[in-house]
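What you see below is based on every heavy atom in this structure, not just the backbone, and it leaves out hydrogens, waters and symmetry mates. As the structure is a prediction and not an experimental result, all values here were calculated from the model. Note on naming: letters A, B, ... go to the chains in the order of the sequence lines (proteins, then strands), and numbering restarts at 1 for each one.
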Amino acid sequence: MNKEQTHRLGQGGAIDRRRVLRFTYDSVAYQGHAGDTLASALLANGVHLIGRSFKYHRPRGVLGAGAEEPNALVQLERGARTEPNERATQIMLVDGLVANSQNCWPSVRLDIGALNDTFSALFPAGFYYKTFMWPPGPRWWLRYEHLIRKAAGMGRTADAPDPDHYAHRYAHCDVLVIGAGPAGLAAARAALAQGARVMLCDESASFGGSLCTSDGAIDGAAARDWVARVQRELAAHPDATLLEHTTAFGYYDDNLVGLLQRVQTAGTAPFVPRQRLWKVRARRVVLASGAIERSIAYANNDLPGTLLADAARIYVERYGVRPGSRAVVFTNNDSAYASALALHRAGIAVAAVVDARPEADLHGALVARTREAGLPVLAASVVTKAHGRLHVRGVDVALLSRGVQSSRHIACDLVCVSGGWNPAVHLFSQARGKLRFDANLAAFVPDVSPLAIVAAGAANGRLGLDEALAEGHAAGSAAALQAGCAAPTARAMTADGADGAVGAVGAESTVTADGAVSAVSAVSTAGAVGAEVPHAQSLRCGPLQPLWEVASRDRSAKRFVDLQNDVTVNDIALASREGYQSVEHLKRYTTLGMGTDQGKTSNVVGLALLAAQLGRSMAEVGTTTFRPPYTPISLGALPGHAVGAYIEPTRRTAMHAWHAERGARFVNAGLWKRPHSYPQPGESEFDAANREALNVRTQVGLVDVSTLGKIELQGRDVAELLNRMYINRWDTLQIGRCRYGVMLRDDGIVLDDGTTSRLGDTHYLMTTTTVNAVRVMQQIELLLQRDWPELQVHATSVTEQWAAAALSGPNARAVLEKIVDIDVANAAFPFLAVAACQLRCESGTIPARLFRMSYSGENAYEIHVPADQGSGMWEAVMAAGEPLGIMPYGTEAMGTLRIEKGHVVVGAEADGRTTADDLGLGKLVNAAKWCIGKPLLERPALTAPDRWQLVGLSALDGAEMPRAAKLVADPDAALPNPMLGHVTAWCFSPNLKRWIALALLANGRARHGETLWAVSPLAKVRIKVRVEPACFIDPEGARLRV
Amino acid sequence: MSESQSMDTSAPGFPAIGASVPGRYGLTTGNGVTLQDLHVAAAWNLQGDGSDMDFAEQVRRVFRVQRLPDVHGIQSTDRWSVLWLGPTSWLLMFRMSEVTLPDSSGTGDASESQVGAVVPSAAQSSKAARTEAASAGVTSSDPASRGKTVSRAHAVRDFAASRDAINAAGGALFDVSASRIGWKLAGPRAATVLNSSCPLDLHERAFPVGSCAQSLFGHVAALLYRQGSAEFSIFVARSLAFDVWQTLCAASAEHGYEVLAPVPFR
């Protein structure tokens, strides 16, 4: 036995006593056992005081044993792995675990913030809104909020990247069963028996739910043995996926359910994710999430040493922990008697069972057993107040009929409270299910949902074991039937299929507490799981008597409704008096249920108190909206592996490795990485781009243009399609020639530009801009399928098929002549010619398509080769060009070259507002034919004389062109200074040796020669510019045709 | 291994993973899945009206495919596997049955080919890039890739004639051989690995052997083909292959995985 674990019972519990795990809480070393949660291990060491409350900094201890826990929130682990607001009741203990308390300074026992409690009269409901509303305006509130948040303390986030990894998995099933208690297990086995694919998850580290602490019997076996048997049967079935420690946190459209599987407490086991986010698409969902016990609001009901009655039983029976030595049980229903008996069996003195109900209602079987055991039962009595500072030391008990005057003190160090049970309807409500108030349970229960979800067992208000089993079985069976699984063993696996099913579902890796990983294989006989309804003996039960609050003689003593957000009975009364009478207003004003626990133990109590204040029924008051997640989930689980460099996919061209090796700086173009420039050692990107651009005009350069969109078109009517899509004419294009074209949107604005080549009689290749590749392809598919199905045209994207490079400059032909097998002399292969050829490379020849087209304004060629040979092509061209002064150039130099030529870019000049005429391309619009967008070109606004038109700008006086500038006539004019236009692209022209720009300018083509000002108020820069035609170099285009 | 170590794959939140060179990676106690580069000699996109007699007849004549596959289906001849892509679109993938790649174990070079070509690593030598080009080269002189070369040449010789024949019947044939990169995933965890990023239901009843589908792998469009109960091929756009490969490895790591030498598509 372990000496440290002073509050560990000598026997019992589902823990492995041979395995001792060391952990620290608030820097104190403790020991626990495998199978413990952090909460049970702390209790086993006699540690109840776990943290301080949110607002008043009152000492708080563990209240529950599961997801409902409002108090025991801890800061888990340290450094980059630290995570705030983790529920100690759901953290499985691992060796070396480190956790710390939150909301307290300097320590949890001596906390300065507790002064808030002393002066709590100053902090009523809505305190913040009342106090921090002056001076008016949001600026001050933002400052206050910063301080308030710091004072409240909600744990700390890590300040370094999370070193753990989080995985995702998609899964499909016929029936998803949420919760593996009696109803869930019965539902899963019934659904499986009908041949359904079943997933079963439970947020606990082991299955069984309430059966883990049940002393009942099912089908003649002890409840725990029945759980083990059913779990074995299910695990052995290839069509069942069992997920322990997995919370169903969100219910989304069409039965998409989000599950969070806690694979390991901290990511210490290599390769295994810390958590896994499951996206489960279920045909039907059975919600067997059980019920959550609620508390009763009596004075000081938040003292450490106060447990929900069922949680106390769980700590005793499941974890072998002695949560106290002398207990008072306070209840308004029968279920707490089972806890009293469990404490008694474990040797814990039960000073009294205080039951609010009259003697006449105490006829249940458990009450009788309690009395037989000799435990004192005080009928028609209530606990009015608890005493103690850091731990409960006694309670005042009074007779309901005689009021607080009758109170007497009972010494105890443990109070077990049960105010009844709330079905865990959260996911049902998320599934847009309607709730109904059940007066017998004094709780909201599921009614109907438009989605394929049904609640069963305690989640549906069936608290008895036998009825939960029966309802679970029926729900599972019905769900399988509705999912289309009609007959048992109808789909027994064939010998052929048995192998394959292993990979699809079933087998799951599990990580044991010390991080060891074991693969639990589900390979086994696809045996018939019993289809019969499981039975348990039903217990005679007395009725519940709703009891939400108990008045106290001490008016200053707090009676808590919401322990996490420190909302008291008086706060709710005050809010109601101040007019916050809708549940949604009450929630926001008092923060009731707005903590990380979403009011699992408090909401219904708060609603009942509001209803009483307003004199309305619970059904009239209604509930607030339940939203995902059911319990908080780690942010890391949401992106999974899509983090860092993988946050979005990256596209790389076939020549990417070459660029990277040559020191290319990359720039994002959509998802693509494109070389921006290739700086040499010691060279700036600016100098590199200028060197590259100059070299294209003087010698020859090579640029990777693989990212341009490429669409291949085949069919009798391709020319007709092109005629309809482009503003210019295409039926005149000859085989072996290409042409530049512009496409419009329906409204006449420029959509995209590019070239299309005629490769064969009915065979064309269209290129688009990088950014519009997908959009144009979608447009073509839409037009062909929806608008013009009569056109015989087939299209496919070949962007990925072809790697492309543009070879540009006066020496381009000389380079090409060395490596291609066709005559590229000007006469044989003129401007806008297209041909197939073979390219000689080091290891052989590569089939290529050669296009004589130019973006730089120099004599230029595009070379397309199959992408798997892109790097071979690139290296061959670079090798051939070496003696001729070839340099690779990036997008920056390409931009400089096109600005010098006044070529427009979609996104810069064609910015979604410009027409072809604005861009100086109006002459391309063919008057003789219709095309998309043409009719609306006639709109007056698109032909107005003051349209902004493309012009060139030269900076005067050697000035540098500012980044982003507007054009004005007089920079000193009174504001608002009329804006004549704006700069769309600017660069230093290494060829002209001055800063130049392209701009859109009102009536710009008529203003050539004028001097204007380019001003950038943000950068406080203003320079004089001269308006020029939008082409600075070789305006006749002679260089293209040499 | 040098390639893998120089890659920036150790981002926080991403499990440490291996390279594309053959070897065992990830969890040492498991061997859940094997990953292999797939060499595709030729992949042609066939489009047309499957119900048109002329077109169907021409497809039969040119490719000896008796019947084009239905939704998510596959039809195979000794030369071609025809994958359904859409109501009027199919992918013909050349089955390299008559010639096979030589066993490349021990050479290292061949295994670097497909993924290596898109690795953005400074350590990725141009030698690897040359190898890539060579191994796919139509008239390569590299003996290590002769098998593939022959198949590719064979297919390419046929392409223009096949296209003209299909065009004549109102259909279309596009050469997309280099558009996609593919891998073969095999082993008890193959479907699980795919489902880490692919939302398809891969249960054998929902996605039986011999089906194909276009879906997603993470953010990336992917073409899946189930060749066996625990054997899949996945194809993605070439430009995205590096990312997808890393993601596949990351998803495989927790099961333990083995990278095997490349295999030709069959």
(message) At a 4.5 Å cut-off on heavy atoms, which part of A:L277 comes close to chain B: side chain, backbone, both, or neither?
(response) neither

(request) Considering non-hydrogen atoms only, spot the tightest contact between B:A178 and A:A867 and give its length. (result) CB-N, 3.6 Å

(request) Any chance you could measure A:R652, atom CZ, to B:L240, atom CG, to the nearest 0.5 Å? (result) 9.0 Å

(message) Show the nearest heavy-atom pair for residues B:F174 and A:T796, with the distance to one decimal.
(response) CG-CG2, 3.3 Å

(message) At a 4.5 Å cut-off on heavy atoms, which part of B:S89 comes close to chain A: side chain, backbone, both, or neither?
(response) neither

(message) Please check: side-chain N/O of B:D243 versus main-chain N/O of A:T650, any donor-acceptor pairing under 3.5 Å?
(response) yes

(request) Rounded to the nearest 0.5 Å, what's the gap from CG on B:L200 to CZ on A:R281? Could you check? (result) 12.0 Å

(message) Any non-hydrogen side-chain atom of A:Q801 less than 4.5 Å from a side-chain atom of B:D175?
(response) yes

(request) Heavy atoms only: give me the nearest A:I647-B:H219 pair and the separation to one decimal. (result) O-CE1, 3.5 Å

(request) Taking all heavy atoms of B:T247 and all of A:Y646, pick out the closest pair and write down the distance. (result) OG1-CD2, 4.4 Å

(request) Look up atom OG in B:S197 and atom OH in A:Y170, then write down how far apart they are to the nearest 0.5 Å. (result) 7.0 Å

(request) Side chain from CB out, backbone as N, CA, C, O: work out which of these in A:L765 comes under 4.5 Å of a heavy atom of chain B, or both, or neither. (result) neither

(message) Testing the 3.5 Å rule here: is there a donor-acceptor pair between the side chains of A:H794 and B:N45?
(response) no

(message) Quick check: closest heavy atoms across B:L27 and A:P270, and the distance to 0.1 Å?
(response) CD1-O, 3.9 Å

(message) So B:S239 and A:E800, do their side chains get closer than 4.5 Å, heavy atoms only?
(response) yes

(message) Can you tell me which of B:P199, B:S252, B:A172, B:G218 forms the most heavy-atom pairs within a distance under 4.5 Å of chain A?
(response) B:P199

(message) So, taking the atom named OG in B:S196 and the one named NE2 in A:H168, what distance separates them when rounded to the nearest 0.5 Å?
(response) 10.0 Å

(request) Measure distances from B:V176 to the heavy atoms of chain A and classify the residue's part below 4.5 Å as side chain, backbone, both or neither. (result) both

(request) Hey, could you give me the NE2/SG distance between A:H641 and B:C249, rounded to the nearest 0.5 Å? (result) 11.5 Å

(message) As an exercise, state the distance from CZ of B:R163 to OG1 of A:T762, rounded to the nearest 0.5 Å.
(response) 8.0 Å

(message) Is A:Q792 in contact with chain B via its backbone, its side chain, both, or neither, using a 4.5 Å heavy-atom distance?
(response) side chain

(message) Just so I know, are the side chains of A:Q714 and B:Q47 near enough to count as touching, which here means a heavy-atom distance under 4.5 Å?
(response) no

(request) Tell me, for A:H659 versus chain B, whether the close heavy atoms (under 4.5 Å) come from the side chain, the backbone, both or neither. (result) neither

(request) Output the option from B:G32, B:G171, B:G256 having the highest count of non-hydrogen pairs under 4.5 Å with chain A. (result) B:G171

(message) If you count heavy atoms of other groups shown closer than 6.0 angstrom to CG of A:L635, is the number above 12?
(response) no

(message) Between B:E254 and A:P273, is there a side-chain heavy-atom distance shorter than 4.5 Å?
(response) yes

(message) What part of B:I166 gets within 4.5 angstrom of chain A, counting heavy atoms only: side chain, backbone, both, or neither?
(response) neither

(request) Ignoring hydrogens and angles, tell me if any N or O in the side chain of A:H172 forms a donor-acceptor pair with the backbone of B:L202 under 3.5 Å. (result) no

(message) For A:A795, which atoms come within 4.5 Å of any heavy atom of chain B: side chain, backbone, both, or neither?
(response) backbone

